[in-house]
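Everything below concerns the one structure shown next.
Quick caveat, the model's predicted, so the values are computed rather than measured.
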Amino acid sequence: MLEKDSVLASGGDVTKYFIHQKRIKEFEKKKQEFEEQQKIRKQEIISRILQEEAIQEKQKKRSFSVDVSKCSLSTKLRSKTMQYIESVVMKETAEELETKKNWHPPSPLSLSSDEDTSEIEEKSPEDAKEFTYGAEEDDSETLAVPEFTGLWNQVYKPYKVPKEVDTKPVGVSKMEKEIMAERLEKLRRGIIEKQVVTGREFKGCPFYSKPSLVHFKDLEVGKMYKKRITLTNASYAINSCKLLGVSEHLKDFITLQFDPPGQMSPGMSCEMSVIFKPMINEDLEGEVMLLANTGPFSIPIKCTTKKCELAVEKKMIDFGTHVIGETAIQTISLTNQGALGTRFSIREIISAIGADGAKTPLLPSLVEMTSLAAQERTQTYVDPSAQGHGDVLMSQQNETQRKEACSKSANYMETRSLKANGDVAEENIQEPSTQCAASLSEMKDMPSDVEEGVVEINLGEITEGEIGPFSSAKIPVVFTPLIPGNVRAQFEISFDNLSCKAITVMITGTSIDVPVYVPNSNIDLKICTYDRLYQESIIVCNRAKTALRLKFDVCKELKNHMELLPKTGFVQAQSSFSVQLKFLPTLSLPQDASTCFDKDTGVLEAPMTISVADQTLPVPFMVQAVLTSSDLEITPSELDFGYCSIYEAVQTSLQITNKSILPQEFGFVGIPEYVEVQPNDGFGTLLPMETVQLDVIFRAEKAKEYKFELPCKSAINRHFRVSCKAVGVHPPLQLSHSLVKFPATALNDVSFATLHVINSHTSRNEFTHPVPRIGNGDIPAVGPTSFEFHVSEHSPVTISPVVGTVLPGEKCQIQVSFKPSLPDQEIREEVMRILQRVSESKATMKHDDTLTKDKELQIKKERNKSGRKDKKTVSSPKNVTPQPTYSVPIELPKTEEIKANSDEYAAAKVSIYRRFTAKFESYVIPCFIVTGDTNKSHDMENFNFSPYNTLYLELHCPSIAPPIIVTSENGRHLIDFGEIAIGQRVIKRVTLQNISMDPVKLGFSILNPCGPFMLLNPVDVVDPGANCFLLIAFLPDENKIFFENLEVHCLQATLTLRIKGRGLTPSVSCSLDSDILDMGYILANDSSTTTFKLQNTSTVPVPFSIKLKSLSLSRYRDLQRLPCFISSHEKPLHLVGTQNFSGLSVFSVTPVEGTLLPEKSQDFTVTFSPDHESLHYSDLLTVELFSKLTTQTVELKGACRNHVMYVEGVDALDVSVESLGINLVDEGELNEPVNTVLLTLQCIQRETSAEPGVRELRVGCIRTSLLPTKKSVEFQWDNVQSLQQNGFTVEPVKGLVEPGQCKPISVLWVPPAGYDPMNDGKTTAKLTLKGDITEHYQVILVTKVLSA
């Protein structure tokens, strides 16, 4: 019963405890039986060893009398048998011989018979020790004189391989022998055969091993262990197994005994013995390797040394609750489940600590008792068999110590009380138990200057000892409570074996001071509100064995707020008593109980006492509560909605605050129908000190003044009210829809909505229908009423018309459009981010280029250094570390400096389009109303305006990302062709991309069929993420600006492309002063060049092409016509003169074609290269623009001579077209060629005087590189005197002309006296030119006199 009570007091399970004790007793009984059996077995083993020694002595004596003839005869028979086996069956290959060499030979134990091996079994450590000792003695004796004479003692000749003799054993045919030899050969070579039975192939381990793991536990060096293994054929058919060996590192310790059983049927088994003799104290692992017909397999082997496996039954021991002065003992059960023993010691690492974490003070008597117990404590060895006696002795000693400690503490308290009172009066003699209780009850009044602390949880006598293998030890712990409170201590059990970790045990206990106690000494009423009743039951327990009378007292300060019922009572022995606590706090509690109530925190700590009869000290307990208010504060207390239209709703906000530290539920109930409280219809829960904002919505039913209250109730039925007032207004006009919900509109798209402004005021009779008025004010007159919508400047909403007038009984249509767009500031910020990324990427690329160049430079330097050969040594080049280059940060423009028409601005818009998410915005647009017609009167004094008649139009505008965006032109929607010349066709490609998640079907608006723009390739469907291309052509036909809109329709949005272009008339200017370009005189087969410029004076690029008439397709057709000197045309058009004999063009121009950029010029080079002499080389050069428009025509001319001199300025005597005939020349003229030229002079006769005739000849010298030396030309006139007689004056008569120059010769004629003006005169002169040759010119001078 004592054990049961102690278990119950500690809070344990009694049934579990007794079962545990029963198992411990059974374990002790089995342990004793096992030890007795071990002793018996040891005796049997010793007797067997002695018998074997006697038998071995007898066999040694007999071995000397063995006949030698018998030994030789047996040797012959054995050799014949071995020869037969080797010739018939044992044909070993080279691989088998190699395997045989590598295989470790078995120990002598493996060669013994089954009878000998059957006697060796698995033994315990004690048996193995005995057996090993005997075996060692036996080995020492047998090694001295061998029992048998072995073959190694006889001298034999070297073995020779016998010839193959076809020996046929009895009962074995030749075919059977071949089959057996083939099978054995396959087995020896390790050939694995697949085993297929009834169509199923066997896979897996062919033999099942029992046990599957050969485990030698708790080994000791020098002892021998044996295990038997049963191998069972687990395959589908007959199988056999062959021993291959054991793991290499186990060959010195493991010996195998295995006789191959041959062919085994499925399910049959054989046995194998594994003998392990450890030589080292280490854990070993390996495997036994075997070979079956179906493949190799292995059996794992594990050998483990002795180890300590230590554990305690419980790491947490709780003594439970005990009265001060009692002593409780519990044990720490330490169990070793391993085969190795060790020494243990236990020490305290945390002293006995109270619940508050501080060490409890120690009384002088208790310190003396503790030190005495420490001196008497001795170190003893724990014997499991004698542990029960130790526990009894320890309990007796602890009881003696407890009584001495109680008596000493009582004497100390008695002396202290006498000193405090100042008198030495005699006290009543108390018994030791009463004195101990009194000393413990007065422990709270102990002096605070005590130096040492009280140790309440101590160890028993056993603090260290030895724990053997497979045994347990019990360490007693004594709990002696001295001071009320919770105590805990922590002990550590350490071991001498370093492989064992220390074990920590925590021990706790609780001590109480008096028999009557309150289990819950702190009555927490949690949070309470004022003016509400709270009740709680208080349990009072009596641990004494007699009934006690109790009296419950409440402090005077709380008598008006707290009550304990009943006020007196009896608590029975070892029973409990219930007291009812009633608490009704009022608002006067802070003033009444100022000492135990904190006004700042609201915490009430009321000390209560229970007076026990015949007990000096009362039992205290504490009542705690946190007081709070249950008020709800509503601000503002009065709501004024102002003027509210009957077509609108007015919303205002109020705040409700919870002044309590408890959550409170609230709700607005019984409110009028025209008032609404949101959210959650005015119901909710307020967290402590939380403020919630509520929206109160008021809808006026008609024009009048409103006054009402909003009641609010809390969950504890407290009422709070809010007074409200408003004025209802009936405006003169009304909107057909006060709320417009636009569909989801893509950016840059437009959505439209239509509504009406209605004037329903047709009569002032308020009894037949509602009339417009403000509250209870006057009714306005019936007449036209005007309105005006006020839309903000940056709003995406437009209204048309904004201002209008509505007559009575009529309505006006209003169109509202919504066009969402991106904010300008957001686009500019995106531009800054893009520019920042671009600048960073450029800086990175520049830095990488610099590093690359530095590396290349370094490599070149290293190559140059390595190429140099020094005389003695070659110095290694130093690594040139490239200096880090820091790019200068690019100055980004300010956001205000970014232009809206820049490429960066457009690219930023496209970037935002791609990541744009749906956006919802709402706008409230006021509509102001005045009475009167704004179209007829502009004087504001004639209008009656009131701000209370204002109507409000609410617009819900959701915007989404466009499904189709423009990716070309940097995302611009403006397709600007720029300035295009008239007649030129330009095609632009516009790229559209589908950025939505669904395929988009496109539709297009129709462009002006008579206009210059044309859509060439409409697109049908665009897949998600795909691009489509639109080809738009522009062909202007007028000099003006063209503009059209192309709408791309899809289901979600409409994309508008603005197409713009301007037609211009191209203009080009030429640098030539005239339309004739004279190339001058050159020698035959020589060439000369000249240049001219064409400048584009327009603002559009102009493509040009240069064409020569001589190379035109119409050249052949022009040659079929009559020459100009035969036809009636005076001057030929588009004349093409003499051409080269070689067929090559006389004139050539470069470049032939190209483009003239706006305000740019182009140089053209004209080359003249004739191949024979002629004065009539000519061609026509045409400049064409756009391959259509001819803008410039230049006539090219040139002359060719065979010699360097020439004469020009004379009259033409031949035609420009060369004849196909041959000019015959006289032989006499070949030496000095004579050229005839005609020069006509006309003298104009006036009334008073005559104007002489003047002509100018030009003699030139051709500069050429064909001649080796520069030749100048000399000219001279002959017969000058005769010319002067005929009235001619020639200046100069002779001269010298340098190469490349032309010298003029002036010929002046004045009619001489006697000249007949009616007839023309003719004079001949001779002009001689000397250059590379000498030429003579016969100049025929024809004179005429003309009247003015």
Side-chain angles (χ1 to χ4, degrees), residues 1071-1092 1137-1138 1146-1147 1165-1179 1194-1214 1216 1233-1241 1252-1278 1280 1283 1288-1309 1325-1341:
S1071 62
L1072 297 175
D1073 297 336
S1074 63
D1075 294 340
I1076 298 175
L1077 179 60
D1078 193 354
M1079 302 295 293
Y1081 285 81
I1082 64 172
L1083 293 180
N1085 296 322
D1086 198 0
S1087 62
S1088 66
T1089 60
T1090 186
T1091 60
F1092 68 94
T1138 306
V1146 178
F1147 298 94
T1165 302
V1166 181
T1167 304
F1168 175 49
S1169 54
D1171 63 353
H1172 66 280
E1173 183 176 354
S1174 176
L1175 301 178
H1176 304 291
Y1177 284 104
S1178 64
D1179 207 339
V1194 179
E1195 186 178 351
L1196 305 178
K1197 288 185 177 183
C1200 177
R1201 294 277 296 166
N1202 291 329
H1203 305 286
V1204 296
M1205 68 287 289
Y1206 66 89
V1207 177
E1208 63 178 355
V1210 299
D1211 296 341
L1213 295 179
D1214 57 353
S1216 60
V1234 178
N1235 297 317
T1236 303
V1237 296
L1238 176 64
L1239 191 64
T1240 302
L1241 290 90
V1254 181
R1255 291 291 298 273
E1256 186 180 78
L1257 294 179
R1258 291 181 297 277
V1259 178
C1261 180
I1262 301 172
R1263 183 191 299 274
T1264 180
S1265 60
L1266 297 178
L1267 298 177
T1269 59
K1270 293 183 179 180
K1271 292 287 185 179
S1272 59
V1273 176
E1274 296 179 2
F1275 67 89
Q1276 184 178 1
W1277 288 89
D1278 298 335
V1280 178
L1283 290 175
F1288 292 97
T1289 303
V1290 179
E1291 286 292 339
V1293 177
K1294 61 179 180 180
L1296 181 66
V1297 182
E1298 296 295 332
Q1301 293 185 359
C1302 182
K1303 196 166 187 178
I1305 301 174
S1306 176
V1307 180
L1308 187 143
W1309 176 72
K1326 187 176 181 180
L1327 177 64
T1328 303
L1329 302 178
K1330 293 182 179 180
D1332 55 343
I1333 64 171
T1334 302
E1335 286 186 344
H1336 300 281
Y1337 286 88
Q1338 183 179 356
V1339 181
I1340 300 175
L1341 301 173

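With values rounded to the nearest 0.5 angstrom, Asp1179 atom CG is found 9.5 Å from Glu1195 atom CD. Here CD of Glu1298 is found 13.0 Å from NZ of Lys1271. Values are rounded to the nearest 0.5 Å. Atom NZ in Lys1303 sits 12.5 Å away from atom SG in Cys1261 (nearest 0.5 Å). Atom CG of Asp1278 and atom OH of Tyr1337 lie 14.5 Å apart (nearest 0.5 Å). Expressed to the nearest 0.5 Å, how far CG of Asp1211 lies from CG of Leu1238 amounts to 4.5 Å.
Remark: side-chain polar atoms of Ser1178 are paired, donor with acceptor, to backbone N or O of Gly1137 under 3.5 angstrom. No donor-acceptor pair closer than 3.5 Å links the side chain of Arg1255 to the backbone N or O of Leu1239.
Considering all non-hydrogen atoms of both residues, Leu1283 and Trp1277 come closest at CD1-CE3, 4.3 Å. Nearest heavy-atom pair across Asn1202 and Ala1084 is OD1-CB, 3.8 Å. Between Phe1147 and Gly1198, the shortest heavy-atom distance links the atoms CZ-N, 4.1 Å. Closest approach of Tyr1206 to Cys1302, counting heavy atoms only: OH-CB, 4.0 Å. The two residues Leu1072 and Leu1077 come nearest to each other via the heavy atoms CD2-CD1, 4.1 Å. The nearest pair of heavy atoms linking Val1210 to Val1207 is CG1-CG1, 4.5 Å.
Residue Thr1328 forms a side-chain hydrogen bond (donor to acceptor under 3.5 Å, both in side chains) with just one option from His1336, Lys1294, Glu1274, and that option is His1336.
With a 4.5 Å cut-off on side-chain heavy atoms, Glu1256 and Val1307 do not count as touching. Within the 4.5 Å cutoff, side-chain heavy atoms of Val1204 are placed close to those of Val1273. For the pair Ile1082/Pro1170, a side-chain contact is recorded, criterion being any heavy-atom separation below 4.5 Å from C-beta on. Contact annotation: the side chain of Leu1241 never approaches that of Val1254 to less than 4.5 Å [non-hydrogen atoms, C-beta and beyond].
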Please determine whether side-chain hydrogen bond (donor to acceptor under 3.5 Å, both in side chains) holds for the pair Ser1169 and Ser1087, giving the CA-CA distance in whole Å, both sets of side-chain angles, and the decisive distance to 0.1 Å. CA-CA 4 Å; Ser1169 54; Ser1087 62; over 6 Å; no
List the steps and the verdict of salt bridge (charged side-chain N to carboxylate O under 4.0 Å, His left out) for Glu1335 and Arg1201. CA-CA 12 Å; Glu1335 286 186 344; Arg1201 294 277 296 166; 2.6 Å; yes
List the steps and the verdict of side chain to side chain contact (heavy atoms under 4.5 Å, CB included) for Thr1090 and Met1079. CA-CA 7 Å; Thr1090 186; Met1079 302 295 293; 3.3 Å; yes
Set out, in order, the CA-CA distance, both residues' side-chain angles and the distance that settles side chain to side chain contact (heavy atoms under 4.5 Å, CB included) for Ile1305 and Phe1275, then state yes or no. CA-CA 10 Å; Ile1305 301 174; Phe1275 67 89; 3.5 Å; yes
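The salt bridge (charged side-chain N to carboxylate O under 4.0 Å, His left out) search around Arg1263 returns none, not counting sequence neighbours. Take Asp1332 and apply the side-chain hydrogen bond (donor to acceptor under 3.5 Å, both in side chains) test, not counting sequence neighbours, and it matches His1203. Take Thr1264 and apply the side-chain hydrogen bond (donor to acceptor under 3.5 Å, both in side chains) test, not counting sequence neighbours, and it matches Asp1086.
In Lys1330, the NZ atom is not crowded: 12 or fewer heavy atoms of neighbouring residues, nucleotides or ligands sit closer than 6.0 Å.
Ring pair Trp1309/Phe1288 is tilted by interplanar angle, where 30° to 60° counts as tilted.
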